[in-house]
Amino acid sequence: MRIGILLALLVASLGMQQATPVSLTYPEKPGPGRGRHVVFLTGDEEYRSEEGLPMLAKILSQRHGFKTSVLFSVDEDGTINPKNTASLSDPAILDSADAIVMLLRFRSWPDETMARFERKLQAGTPIIALRTSTHAFNGLPKGGRWETWNYNNAGGFGKRVLGETWLTHWGRHKVEATRGAIENAQREHPVLRDVSDLFGDTDVYEAYPPEDATVLVRGVVLKTLTADGEPADYRKRRATDKQEQGVNDPAMPVVWTRTNRNDNGKTNRILTSTMGSATDLENEGLRRLIVNGVYWGLGMDVPAKADVRYVDEYQPSFYGFDGFRKGLHVTDFEIGKKVPGEPLPRPAKTVR
């Protein structure tokens, strides 16, 4: 009798574990995106993609009618753990993605997950890539199928697909913020429709997109972490050729588009922004740029003024390693819920 009870409890426990969701799908509402599925890939140790991307997914679902899904890095018990670089929850959801929005850093997924992602790339799925996605993969086995995707292998996935890999913090990390300066020649680009006042409290990355890229926004390095900071005016050596230039002369690209051509003849529309932390996404202009980018990537008409109002309360954590809210599960990001726990506080000087 006692053994039977123990077995029953074990079976019930296993059933509860299996029922624990590890991804989120927000339902479609009436809107121009209805019938299209946008999949968000979170997984970075520093810039709180697990907080920022669900907020964007809610906006696209509830304000624009897209079906959206968010995949996370999770531990075996379903707890969100951005430091679990081998995890992408429910990778089969990728199979139905019409567009992908990603903020990844140094991921080393299992072969099955990598193969699913590669199939979507080869199929020509548009990709909107944020911040550390320029160095999305690292630690993939040497001699394996995806070795060339490692960021330190001639630039890896970032250089080959997005147009740039990780080089340096061009602005001073956690000291100098970014003001987005729209390229005059691209002001009519649909991704920039009704986009203004771009600002992020992350620093500018050093970046040199290829000739086939179209630079939409450059990042002015500011002297402080506040939007009203003055432009920095010192000189710095480039990582590429070690030559010195003014840090804002010229300012580095922080948003660009390009078309990635696959060996099988398919092409991906690519939008890359080296901005995109959870705190950067408090900026209305940046949220609108990303939402516009989804429409543009899918070949849809971009709204005259995309609605990017928050769906639920949004109080993101400041960026920092090991600064994620501990013990969260994907259900904490369901529509109508306030994310539990206290966000990692930002330095006092960033209050604005």
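For this chain, numbers begin at 1 and follow the sequence in order. Only heavy atoms go into these numbers, but all of them, side chains included; no hydrogens, no water, no symmetry mates.
- Applying the side chain to side chain donor-acceptor pair (under 3.5 Å) rule to R179 yields no partners; only residues at least two apart in sequence or on another chain are considered.
- Remark: side-chain polar atoms of D332 are not paired, donor with acceptor, to backbone N or O of V339 under 3.5 angstrom.
- Y151 and Y208 are assigned to two separate hydrophobic clusters, defined by single-linkage of ILVMFWY side chains at heavy-atom distances under 4.5 Å.
- With sequence neighbours excluded, no residue forms a salt bridge (Lys or Arg N to Asp or Glu O under 4.0 Å) with K305.
- Under the salt bridge (Lys or Arg N to Asp or Glu O under 4.0 Å) criterion, R218 pairs with E183, sequence neighbours left out.
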**Message:** Under the criterion salt bridge (charged side-chain N to carboxylate O under 4.0 Å, His left out), I'd like the reasoning laid out for E284 against R287: C-alpha separation, chi angles, the key distance, then a yes or no.
**Reply:** CA-CA 5 Å; E284 179 179 334; R287 296 199 304 276; 5.0 Å; no
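- Between the side chain of E244 and the main chain of R235, no donor-acceptor pair closer than 3.5 Å is present.
- With 3.5 Å as the limit, one finds no donor-acceptor pair spanning the side chains of N153 and T148.
- Distance alone, capped at 3.5 Å, places no donor-acceptor pair between the Q62 side chain and the K29 backbone.
- In this structure a side-chain-to-backbone donor-acceptor pair under 3.5 Å is present from N264 to Q122.
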Could you give the side-chain donor-acceptor pairs of residues 188-200 under 3.5 Å, partners two or more places apart or in another chain?
from : atom 1 : to   : atom 2 : distance (Å)
H189 : ND1    : V191 : N      : 3.1
R193 : NH1    : V302 : O      : 2.8

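- A single hydrophobic cluster is seen to contain both Y295 and L281, as judged by linkage of ILVMFWY side chains at heavy-atom distances under 4.5 Å, directly or through other members.
- Judged by distance alone, the side chain of S61 and the main-chain N or O of P27 form a donor-acceptor pair under 3.5 Å.
- Using a distance-only test at 3.5 Å, with no hydrogens or angles considered, a donor-acceptor pair links the side chain of D77 to the main chain of T79.
- A perpendicular orientation is assigned to the rings of F106 and H135, their planes being inclined by more than 60° (bins at 30° and 60°).
- Rounding to the nearest 0.5 Å places CG of N283 at 9.5 Å from CD1 of I290.
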**Request:** Start with the C-alpha distance between F321 and Y47, add both sets of side-chain angles, then the distance that settles ring-ring contact (aromatic ring centres under 6.0 Å, His included), and finish with yes or no.
**Result:** CA-CA 8 Å; F321 285 105; Y47 293 104; 7.6 Å; no
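- Note that R172 lies in the cation-pi zone of Y234, set by a 6.0 Å cut-off to the ring centre and a 45° limit from the axis.
- One hydrophobic cluster holds both L298 and I59 under the rule that ILVMFWY side chains link at heavy-atom gaps under 4.5 Å.
- We find that D98 and K67 are not joined by a salt bridge, their nearest charged nitrogen and carboxylate oxygen being 4.0 Å or further apart.
- Formation of a donor-acceptor pair under 3.5 Å by the D312 side chain with backbone atoms of G336 is found in this model.
- Between Y205 and H169, the ring-plane angle classifies as perpendicular under the 30° and 60° cut-offs.
- For K142 (side chain) and E147 (main-chain N/O), no donor-acceptor pair under 3.5 Å exists by modelled atom type.
- Judged purely by distance below 3.5 Å, without hydrogens or angles, the side chains of T168 and E206 pair a donor atom with an acceptor atom.
- Annotation: cation-pi geometry satisfied between K326 and F324 (NZ/CZ under 6.0 angstrom from ring centroid, within 45° of ring axis).
- Although no hydrogens or angles enter the test, the distance criterion places no donor-acceptor pair under 3.5 Å between the side chain of T178 and the main chain of G219.
- Counted by atom type alone, S87 and S73 present zero donor-acceptor pairs between their side chains at under 3.5 Å.
- At a threshold of 4.0 Å, the pair K223-E230 counts as salt-bridged, since one of the basic side-chain nitrogens sits closer than that to a carboxylate oxygen.
- Remark: the Q245 side chain and the R238 side chain contain an N/O donor-acceptor pair separated by less than 3.5 Å.
- Clustering of Ile, Leu, Val, Met, Phe, Trp and Tyr by side-chain heavy atoms under 4.5 Å joins I270 with V39, L41, L71, L88, I93, L94, I100, M102, L104, W109, M114, F117, L121, I127, F137, L140, W146, W149, F157, V161, L162.
- Of the charged side-chain nitrogens involved, at least one lies within less than 4.0 Å of a carboxylate oxygen, so that D95 and R116 count as a salt-bridged pair.
- Listed by chain and residue number, nothing satisfies the salt bridge (Lys or Arg N to Asp or Glu O under 4.0 Å) test with R237 (two or more places apart in sequence, or in another chain).
- Side-chain contact annotation: D44 with S49, donor-acceptor N/O pair under 3.5 Å present.
- Clustering ILVMFWY residues whenever any of their side-chain heavy atoms sit less than 4.5 angstrom apart, transitively, puts Y310 in the very cluster that holds L24.
- Annotation: F72 is not in aromatic contact with H329 [ring centroid separation under 6.0 Å not met].
- Side-chain rings of Y26 and F333 stay apart, their centers remaining 6.0 Å or farther from each other.
- No donor-acceptor contact under 3.5 angstrom links the side chains of D233 and N248, judged on distance only.
- Checked against R48 for a side-chain hydrogen bond (donor to acceptor under 3.5 Å, both in side chains), the options E45, E50, E51 give a single hit: E50.
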